[in-house]
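The structure under discussion appears below in the form of structure tokens.
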Amino acid sequence: MATKQSETNSYYRITIRGIVQGVGFRPFVYREAKTFGLSGYVKNNSGEVDIFAVGPDTAVLAFVESVKRNKPRLSFIKSCEVRPAQPPKTEFEDFIILESGTATEPAIRFFSPDLGLCEDCRREIFDPTDRRARHYFNTCTNCGPRFTVLKAFPYDREKTSMDVFPMCEKCAVEYTTPGDRRFHAETVCCNECGPVLSYKRGDDLYSGDEAFAEAVQDLKAGQVVAIKGIGGYHLACSPYDADAVRNLRVLKAREEKPFAIMFRDLAAIAEVCEMSREDEDLLTSPARPIVLLKMKQEKRNAFTQAVLNGADGRCGCFLPYTPLQALLFDSIPCLIMTSANRSSSPILKTEAEIFALTDRVLYNNREIVRSVDDSVLQTFCGKPQFTRRARGYTPSPIFFSGSVKAEKPILALGGDLKSAFGFLQDQTFTLSQYIGDLENTQVFQVYEAAIPDFENLFAIQPRAIVCDAHPRYFSARLAKKLAAERNIPLIPVYHHHAHIASVQAEHGLSRVLGFSFDGSGYGEDGTVWGGEFLLCEGGNCKRVGHLATAELLGADEAAKDARKTAACYLRALRIPNPEPSKGEELVYAALDNHINTFTTSSMGRLFDAVSAILGVCQTNSYEGECAILLQYAAEAEARAGIAPLEMRFIPESGLTFGYRDIFEKCLTRQPGAALGFHTAVCEMVSSVCLQLREAENINDIALSGGVFQNVFLLEMLQKRLTTLSFAVYTNEAVPPNDGGLALGQAYIAAQKL
Ligand code: ZN
Ligand code: ZN
Ligand code: FE
């Protein structure tokens with residue numbers, strides 16, 4: 001469509017905000033402008049795209065509509081402002097892409113997360129005639145690293161860790177040719193000009209294709225190899241090789257957690273796991289997360305035992321997301337790919353760190369600016385649930401629906417476990433990547449340093465800080481320090497209120513009945529809460545009921561030893577323990593004298609105790625192990641058609657529920673007990689909902705807290721409550737575990753300020 005001579009030209013400034021940088025937005029705008037015969041320019045300002053459009057009114061407006069409708073697949077338009085402008089001093093002869101400028105007014109900045117290898121780039125690396133054949137760092141406007149290579153805004157090559165790789169002539173031509181797939185792709189490079197692959201084996205050093213071949217040979221020979229990825233290093237080895245997996249566990253400091261496995265393609269996953277449509281969509285999405293999938297019954301022993309360590313009800317699966325991985329998995333169908341770190345330390349991202357850990361390293365000379373772990377999700381009832389939100393999602397914003405918004409920027413510090421902080425500006429919440437457990441000093445250092453990193457990157461100056469109410473949380477102490485240094489208000493928020501508020505924020509619910517089922521969390525009376533029924537309205541919260549409390553042993557070890565936890569519950573109920581374990585007398589002595597004990601209404605601890613009593617799992621060798629195995633046991637019983645053993649929670653007073661019947665029935669260890677326990681939890685929740693529906697006139701139910709990572713329980717509850725015509729809401733954008741606390745905290749703080 002050419003500009004008609006008869007129509008006079010008008011001038012417009014168009015400002016587009018959202019995820020518009022690093023996703024091929026400027027080249028797209030350029031092509032659209034050409035299509036509509038406009039002249040003018042497009043440029044990146046800090047976090048926004050600025051367009052000056054010259055042409056007849058009808059053409060400019062059609063252009064704007066087309067931009068909104070046909071925007072690049074990975075972009076997101078939060079707002080699009082069109083206003084008339086003054087004619088420039090000299091007329092534009094053409095439409096051009098300008099160098100980046102600086103935004104004139106403060107705006108909320110958005111940026112693209114890292115994107116998995118796209119189909120076009122994948123085809124090129126496997127095409128021997130292509131000039132990017134076997135190019136280990138192939139990217140285009142639709143794929144490649146983004147957040148992990150960004151040093152500062154605006155997103156230009158000089159502001160990324162690609163700055164040290166000047167483009168060769170051919171790449172420069174592609175970069176400057178409108179219509180090319182690599183037009184203004186900031187990470188573009190090729191075999192001539194990009195980063196170089198290296199392999200270090202002890203004192204031997206290999207480069208390029210030779211490096212690749214040597215690493216593949218070592219992997220096939222059963223070695224553990226460290227491989228540099230997008231947000232950090234992986235440790236890789238065959239899941240079929242018992243010796244290799246044992247060596248890997250030694251490297252990881254004997255961490256017991258199941259390992260995730262990367263597979264060549266969906267077909268390779270389908271051989272061992274069950275997958276729904278939603279699972280497939282997640283696995284192949286540009287984020288390429290780890291997805292927890294049910295192992296096929298007959299394939300539960302497919303891998304050597306130490307891979308899943310008995311937790312063989314699920315396997316964390318993911319697909320190659322870098323060109324290097326795609327090439328690697330062309331000759332190897334699957335490998336354990338676990339983040340390279342020592343148990344509960346931060347993921348390693350530099351050569352210095354990884355060389356100190358292991359002597360077989362496949363690496364390159366592109367710097368990882370910030371470490372970002374692989375994301376972990378699972379699906380239930382067709383919906384996604386995050387266990388860990390990081391690569392591929394961070395820093396994509398989460399938008400509040402509903403009317404709650406921040407008058408001024410708020411920093412929310414989250415909790416100490418699975419820590420992640422976030423910033424709320426207006427209704428836009430930017431959550432940091434999963435960082436880890438703050439009791440580890442190195443993790444705390446990463447966490448503390450990441451806050452100013454986000455503040456600088458996104459140009460945010462928080463005017464209030466919100467944190468967990470727990471006085472001894474590391475995150476809460478840091479909040480106190482930061483608030484004092486900056487002389488801004490500090491708002492403490494109760495743990496379980498924040499869990500439920502995270503669901504309210506996601507779904508725009510001003511009033512809900514929330515169930516926060518969790519391992520722990522500081523409560524309003526100073527005891528440890530975790531089996532809470534909360535009526536949440538606006539920024540307020542009322543505890544309307546809870547699990548009965550018990551006194552448990554407080555030492556760190558007690559949370560690990562589920563047998564001791566079980567002994568404490570039995571003691572509290574005055575039920576004799578038929579199978580007392582060693583040291584039981586000491587447990588009783590400690591309880592009787594209240595030495596190092598605490599009072600709790602925790603649902604997580606109750607799962608531990610039941611798991612131990614049923615002989616499912618006695619020890620949490622990693623967080624949640626007893627509860628996870630109890631879930632798998634219940635699933636196995638359901639699959640085998642075993643009827644749930646009849647047991648129930650009985651109200652002691654009001655909506656405080658006791659569990660004497662649960663323990664008495666579980667001690668019989670009859671078939672269907674694991675399933676019966678899940679059913680009893682489900683029935684308790686349903687009965688609370690039914691009682692409060694009339695009394696409180698409430699129909700919206702929110703479920704959150706770490707216990708709801710048990711998707712078997714969640715699915716059961718969702719179905720039960722839906723049958724009773726309740727509207728059930730869960731976390732879909734953040735984890736229900738403590739990784740989602742920051743969102744809830746910000747939602748509450750915005751209303752308290
Ligand atoms: Zn691509
Ligand atoms: Zn090149
Ligand atoms: Fe929690």
Side-chain angles (χ1 to χ4, degrees), residues 22-24 72-74 112 114-126 130-133 135-146 157 162 165-176 180-183 185-196 286 288 321-323 326 414-420 437 468-470 473 475 493-503 514-523 528-532 534 600-605 623-624 703-709 731 734-745:
V23 288
R73 188 169 58 98
L74 300 165
S112 166
D114 302 296
L115 305 166
L117 180 69
C118 77
E119 270 314 305
D120 291 331
C121 287
R122 188 190 166 88
R123 214 170 297 123
E124 286 171 344
I125 59 175
F126 285 107
D130 194 278
R131 76 179 196 89
R132 288 193 176 83
H135 178 38
Y136 302 108
F137 307 94
N138 200 15
T139 72
C140 69
T141 41
N142 288 321
C143 76
R146 296 288 187 274
R157 196 179 183 95
M162 288 298 289
F165 305 105
M167 276 179 227
C168 70
E169 233 165 80
K170 283 179 182 164
C171 284
V173 168
E174 292 168 323
Y175 182 85
T176 49
D180 192 283
R181 191 156 58 81
R182 293 192 171 83
F183 185 44
E186 304 299 343
T187 50
V188 64
C189 57
C190 70
N191 288 320
E192 301 296 312
C193 64
V196 177
R288 305 282 158 84
Y321 55 85
T322 71
D416 275 15
L417 291 174
K418 302 178 177 62
S419 66
D437 297 348
D468 196 278
H470 199 310
Y473 262 16
S475 53
V493 163
Y494 285 101
H495 191 98
H496 301 289
H497 183 195
H499 273 309
I500 300 306
S502 70
V503 179
F515 293 84
S516 180
F517 290 173
D518 205 351
S520 64
Y522 191 77
V528 178
W529 292 11
E532 310 308 311
L534 306 171
T600 187
S601 52
S602 166
M603 181 62 92
R605 291 288 85 81
E623 200 210 340
L703 308 173
S704 191
V707 167
F708 286 112
Q709 291 170 104
N731 294 108
V734 299
N737 62 40
D738 290 3
L741 281 178
L743 175 64
Q745 291 172 348

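This one's a predicted model, so the numbers in the text were calculated from it and none came from an experiment. Both ligands and their constituent atoms are indexed starting at 1 by order of listing.
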- request: Please work out which of the three classes, parallel, tilted or perpendicular, describes the rings of Tyr473 and His495, given edges at 30° and 60°.
  value: perpendicular

query: Parallel, tilted or perpendicular for Phe137 and His135, by the 30°/60° rule?
result: perpendicular

query: Counting backbone and side-chain atoms alike, does Cys190 have an N/O/S atom under 2.8 Å from the Zn ion (ligand 2)?
result: yes

query: What angle, in degrees and rounded to 10°, do you get at the Fe ion (ligand 3) when you join it to OD1 of Asp738 and to OD2 of Asp518?
result: 150°

- prompt: Any chance the side chains of Ser516 and His496 put a donor and an acceptor closer than 3.5 Å?
  reply: yes

- request: With the Fe ion (ligand 3) as the reference point, give the N/O/S atom of His499 that is nearest.
  value: NE2

query: Less than 4.0 Å between a side-chain N and a carboxylate O, is that true for Arg182 and Glu124?
result: yes

task: Indicate the atoms forming the closest heavy-atom contact of Pro166 with Cys193, along with that distance.
output: O-CB, 3.5 Å

field: Vertex the Zn ion (ligand 1), arms to Cys118 SG and Cys140 SG, rounded to 10°
entry: 100°

message: Would you say the Fe ion (ligand 3) has His496 as a near neighbour, meaning an N/O/S atom of that residue under 2.8 Å away?
response: no

message: If I take the Zn ion (ligand 2) as the centre, what angle separates the SG atom of Cys193 from the SG atom of Cys168? Nearest 10 degrees is fine.
response: 120°

